[in-house]
Amino acid sequence: MYNASTLCIGLDVHKETTDVALSSIKDDTVTLYGTIPTNIRSINKLIRKLQLTTSHFCVVYEASPCSFCLCRHLHKQGIQCCVVAPALIFLPRY
């Protein structure tokens with residue numbers, strides 16, 4: 001499915017569910033992976049599944065009250081994770 005050297009995993013974390021999107025560094029396509037429950041067990045299952053398809057990946061998501069324990073959990077597993085403050089995101093107009 002995703003045979004890239006680096007796969008970016010974008011998460012939209014909410015209290016009950018998390019939306020997952022995938023993007024390869026190789027091309028600029030973004031694919032909606034789906035929605036998973038917001039819990040460590042579901043995140044671990046997602047990570048294990050994606051580890052079969054790529055050699056390296058990073059996780060990015062928006063800061064929220066529900067999200068910092070996830071970041072600590074991913075860092076403990078050696079997974080690169082960036083939590084982004086929404087107020088600091090600037091999208092230039094082209």
Side-chain angles (χ1 to χ4, degrees):
M1 182 173 153
Y2 292 94
N3 191 10
S5 59
T6 300
L7 182 68
C8 296
I9 305 168
L11 302 178
D12 188 10
V13 181
H14 300 280
K15 184 177 179 181
E16 298 293 325
T17 61
T18 298
D19 296 321
V20 181
L22 304 175
S23 178
S24 169
I25 296 293
K26 198 184 303 186
D27 55 16
D28 288 337
T29 60
V30 176
T31 306
L32 179 62
Y33 180 83
T35 302
I36 62 173
T38 300
N39 58 52
I40 296 299
R41 178 187 230 171
S42 296
I43 295 293
N44 287 342
K45 184 177 177 181
L46 172 71
I47 297 300
R48 281 193 306 272
K49 188 172 185 178
L50 293 176
Q51 282 176 332
L52 298 174
T53 62
T54 187
S55 59
H56 182 261
F57 53 87
C58 61
V59 177
V60 179
Y61 60 91
E62 176 183 16
S64 73
C66 313
S67 63
F68 288 101
C69 64
L70 174 59
C71 182
R72 287 189 290 271
H73 174 73
L74 293 172
H75 279 176
K76 285 180 185 176
Q77 293 185 5
I79 297 169
Q80 181 182 359
C81 179
C82 297
V83 182
V84 181
L88 300 178
I89 297 172
F90 172 72
L91 298 174
R93 294 181 186 214
Y94 294 103

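Numbers for residues simply follow the sequence, beginning at 1.
With rounding to the nearest 0.5 Å, the separation of CG in Asp19 from OG1 in Thr38 is 8.5 Å. A distance of 7.5 Å separates NZ of Lys49 from NZ of Lys45, quoted to the nearest 0.5 Å. Atom CG of Leu7 sits about 9.0 Å away from atom OG1 of Thr31, to the nearest 0.5 Å. In this structure, Ile36 CD1 and Ser42 OG are separated by 5.5 Å, a value rounded to the nearest 0.5 Å.
With sequence neighbours left out, Arg72 forms a side chain to side chain contact (heavy atoms under 4.5 Å, CB included) with Phe68, Cys69. Residues satisfying the side chain to side chain contact (heavy atoms under 4.5 Å, CB included) test with Asn44, not counting sequence neighbours, are Ile40, Arg48, His73, Gln77. With sequence neighbours excluded, the residues forming a side chain to side chain contact (heavy atoms under 4.5 Å, CB included) with Cys8 are Ser23, Ile25, Cys58, listed by chain and number.
Results of the side chain to side chain contact (heavy atoms under 4.5 Å, CB included) test with His14 over Asp12, Thr18, Leu11 single out Asp12 as the only residue that passes.
Closest non-hydrogen pair, Cys71 versus Cys81, comes out as SG-SG, 3.9 Å. The minimum heavy-atom distance linking Val20 with Leu22 is given by the pair CG1-CD2, 4.2 Å.
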Audit row: Val60, Ile9, side-chain contact (heavy atoms from CB on, under 4.5 Å) steps and yes/no: CA-CA 6 Å; Val60 179; Ile9 305 168; over 6 Å; no
Derivation and outcome, side-chain contact (heavy atoms from CB on, under 4.5 Å), residues Val59 and Leu70: CA-CA 10 Å; Val59 177; Leu70 174 59; 5.8 Å; no
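Put simply, the side chain of Ile47 reaches to within 4.5 Å of the side chain of Phe57, judged on heavy atoms. Using a 4.5 Å heavy-atom threshold, the side chains of Tyr61 and Val83 count as touching. At least one side-chain heavy atom of His56 sits under 4.5 Å from a side-chain heavy atom of Thr6. Under the 4.5 Å side-chain criterion, counting only non-hydrogen atoms from C-beta, Ile43 is in contact with Leu74.
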